[in-house]
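Convention: sequence-line order gives letters A, B, ...; per-chain numbering from 1.
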Number of protein chains: 2
Amino acid sequence: MAPSSVGIKDVAAEAGVSVATVSRVLNSHPSVSPASRARVLAAVEALGYRPNAVARSLRTDQTRTLGLVISDVLNPYFTELARSVEEAARALGYSVIIGNADERPELQDHHVRTLLDRRIDGLLVSPTDGGSPLMLDAARAGTTPMVFVDRWIPGLDVPVVRSDGRAAVRDLVAHLHGLGHRRLAIIAGPAATTTGSERVDAFRDALHEHGIALPDAYIGQGDFQAASGRRATERFLALPEPPDVVFAADNLMALGALDAIRAQGLRVPQDIGLAAFDDIPWFVHTDPPVTAIAQPTGDLGRAAVRALVDRIEGRSPRSVTLPARLVVRRSCGEPDPGTAGTESPSSERSNR
Amino acid sequence: MAPSSVGIKDVAAEAGVSVATVSRVLNSHPSVSPASRARVLAAVEALGYRPNAVARSLRTDQTRTLGLVISDVLNPYFTELARSVEEAARALGYSVIIGNADERPELQDHHVRTLLDRRIDGLLVSPTDGGSPLMLDAARAGTTPMVFVDRWIPGLDVPVVRSDGRAAVRDLVAHLHGLGHRRLAIIAGPAATTTGSERVDAFRDALHEHGIALPDAYIGQGDFQAASGRRATERFLALPEPPDVVFAADNLMALGALDAIRAQGLRVPQDIGLAAFDDIPWFVHTDPPVTAIAQPTGDLGRAAVRALVDRIEGRSPRSVTLPARLVVRRSCGEPDPGTAGTESPSSERSNR
DNA sequence: CTGAAAGCGCTTACAG
DNA sequence: CTGAAAGCGCTTACAG
């Protein structure tokens, strides 16, 4: 039954010691006699006592809690990131509170504010925009240790844990070029986000290496969510010269692109090719399987937690950049037989 | 710069009033003179003061926070549920802390315990098992208001918000029967979970109405995660008489089933049909599009929050059961032309 | 090894 | 309308 209204005083009374002694036992302070310890433990057990974390936090000024503000929970990439963050944090004795920004700066700020008010020990953020005043203030004040993950805000003294997709994008463009595609379009994320602008830049640069230009009409402005991918793709398809291939800067916009393509009764890759940034399990089973750039999501989450906890505990972590890699499937046309990068489903999901 | 170490005392000093007055202004207590209010507000602004939520919670004995323990974050169904829960909670002035059980009872208990220690105002749970001692204790003690969502634990005085899939399962079986399928198999969730057992029962009952039996060999034991769906399907395929159609009791096991089917080089629906409980955006684009039973996920989340907040505020909510519905696509064979239940992508995702 | 006491940052009767 | 003071449930020097 153990009514949770039991306090440390009740335990002290039951054990016949002072609350100080109870507290010491609970915090495994060395100087407690074995006898007292046993009595306290017995009382704790008997009463079903659980320390009030709120009171403890107020007193110790630490919550053993990390905040994680992600851009979009409906995005499997962030969901996987959140999972690995929670796991790594738990291993170090921290809880994590997740805030979902839904790609909306105001919602992001709402969560950051709430998290800060709760006095979390550290904050992991994947910023939805170029830096709201609140975010800039928080980062510059430095009161709460911060680390950026996936996306970041330039010019701030905050470690960044992310993956670099430049090489993979270059591989992708080489792959597309090899298949004979020349009209290549991209659905970009918001220019204010680092991943939004970087992926376009990397794409443009890679095209340039092949002597291909990236006309404005081939840059669709998306917001990393499905609906924007659909709209951008509709616009591409309405062009006098539609692209041969569309590269979606994240998996949700690729989903939207598939919606748009399907709505027009077109086929992938015969009528138009599709590739995506971020690889997810479903891409193996879409019609056709989608060629994608895979990030080492689990590693990113773990590295981010490590960096943040380093900061919290007074060490000075450095930024971490991990490589992404191209996974070729069939959505841009048949690759030459024997091309590397294809995979079996078992190898692909072995770590789930 | 507003160092966050500013406390209410600093504000009081700056405004030339007592901390009591500052507190009253912050909590919009009526009896404060306009002059004092203005001075306090100015001081708050000048110092960038933010109340310490930990201290406030300790004092008021409420955290304005809801806990949500879901079975698996990697499951898009729960992710969508979590999103709607957070949204509904936020509208009522509550934050929500999500705990991911990963379908593991110990992990579920870990999160429940942590949440209770943090003195959340209410707890929403989708139990991973039939009821751990901790969960039973918490529910019976009633110290923290609780509501079950999706799954529940029988015999407890805790409101349940869920969707009833019986009718939809019957529709599914009728659909399969109409297509000429007679050997129907199911990949079940853990028998200890309500959704695990209910879906098998509904399936068995529906088969019975058509004079079809459900042999043990056609019941694959899964755990709602992808790998188990793969294993169960491999076993089905190795049978002397493999089933015509496999019904996966959730979307992740359907993903696993697709993996297994693809690994054997078989085609859906020609070689074997597939249907799933839970509909997700990707099912429109898999090869082939997957026939699924859709739950009103957003409504469930909202209803769950409403019920929980009712409990917290002293009202007595009743349980809520919403219907699920069958969405026919092509993964079990071509439906007769003109059959209802098919849909366009736009109508389908109009609420995202 | 142990206990009395102060104090973490707030809120809220209570008295004026 | 306002302030002094108590107290939420803990932890932790301090003194013994």
Side-chain angles (χ1 to χ4, degrees), chain A residues 2-41 43-44 47-65 114 116-121 143-144, chain B residues 2-41 43-44 47-65 114 116-121 143-144:
Chain A
S4 191
S5 44
V6 204
I8 196 172
K9 281 190 276 201
D10 303 295
V11 177
E14 171 84 9
V17 297
S18 72
V19 297
T21 298
V22 175
S23 177
R24 288 193 188 97
V25 171
L26 262 25
N27 295 290
S28 29
H29 184 103
S31 56
V32 180
S33 74
S36 299
R37 177 178 310 278
R39 301 237 299 290
V40 168
L41 260 18
V44 165
L47 300 176
Y49 170 70
R50 293 248 89 209
N52 181 326
V54 174
R56 177 178 289 181
S57 290
L58 178 60
R59 182 54 230 240
T60 62
D61 199 34
Q62 56 167 3
T63 51
R64 298 298 292 181
T65 301
T114 305
L116 260 23
D117 286 352
R118 283 170 183 280
R119 301 303 193 261
I120 49 162
D121 293 343
T143 315
T144 302
Chain B
S4 190
S5 43
V6 204
I8 196 173
K9 281 190 276 200
D10 303 295
V11 177
E14 172 84 8
V17 298
S18 72
V19 297
T21 297
V22 175
S23 178
R24 288 193 188 97
V25 172
L26 262 25
N27 296 289
S28 29
H29 185 103
S31 56
V32 180
S33 75
S36 299
R37 178 180 310 279
R39 301 237 301 290
V40 169
L41 258 18
V44 164
L47 301 176
Y49 170 71
R50 293 249 88 209
N52 181 327
V54 175
R56 176 177 289 182
S57 291
L58 178 60
R59 182 52 231 241
T60 61
D61 199 35
Q62 58 167 4
T63 51
R64 298 298 292 180
T65 301
T114 305
L116 260 23
D117 287 352
R118 281 170 183 279
R119 302 303 192 260
I120 49 163
D121 294 342
T143 315
T144 302

Atom [atom1] of [X] to atom [atom2] of [N]: distance rounded to whole Å?
X: B:R64; N: C:dC10; atom1: CZ; atom2: P; value: 18 Å
X: A:R56; N: D:dC8; atom1: CZ; atom2: C1'; value: 16 Å
X: A:I8; N: D:dC10; atom1: CD1; atom2: C1'; value: 6 Å
X: B:Q62; N: C:dT12; atom1: CD; atom2: C1'; value: 14 Å
X: A:D61; N: D:dT12; atom1: CG; atom2: C1'; value: 14 Å
X: A:L116; N: C:dG9; atom1: CG; atom2: C1'; value: 16 Å

Using the C1' atom on both, measure D:dT12 against D:dG16 and round to a whole Å.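 Nearest-Å result for D:dT12 against D:dG16 at atom C1': 16 Å.
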Would you mind building the protein contact string for nucleotides 1-6 of chain D? One character per nucleotide, 5' to 3', B for base within reach (heavy atoms under 4.0 Å), S for sugar-phosphate only, - for untouched. BBBB-B
B:Y49 side-chain N/O to C:dG9 phosphate OP1/OP2 under 4.0 Å: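 Result: no.
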Residue-phosphate contact under 4.0 Å: A:N52 side-chain N/O, D:dC8 OP1/OP2: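 Answer no for this pair, as no side-chain N or O of A:N52 is under 4.0 Å from OP1 or OP2.
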A:N27 atom CG: more than 12 heavy-atom contacts under 6.0 Å: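 Result for CG/A:N27: enclosed.
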Taking Watson-Crick and G-U wobble pairs with both distances under 3.5 Å, convert DNA chain C into its dot-bracket string, 5' to 3', dots for unpaired and | for cross-strand pairs. |||.||||||||.|||
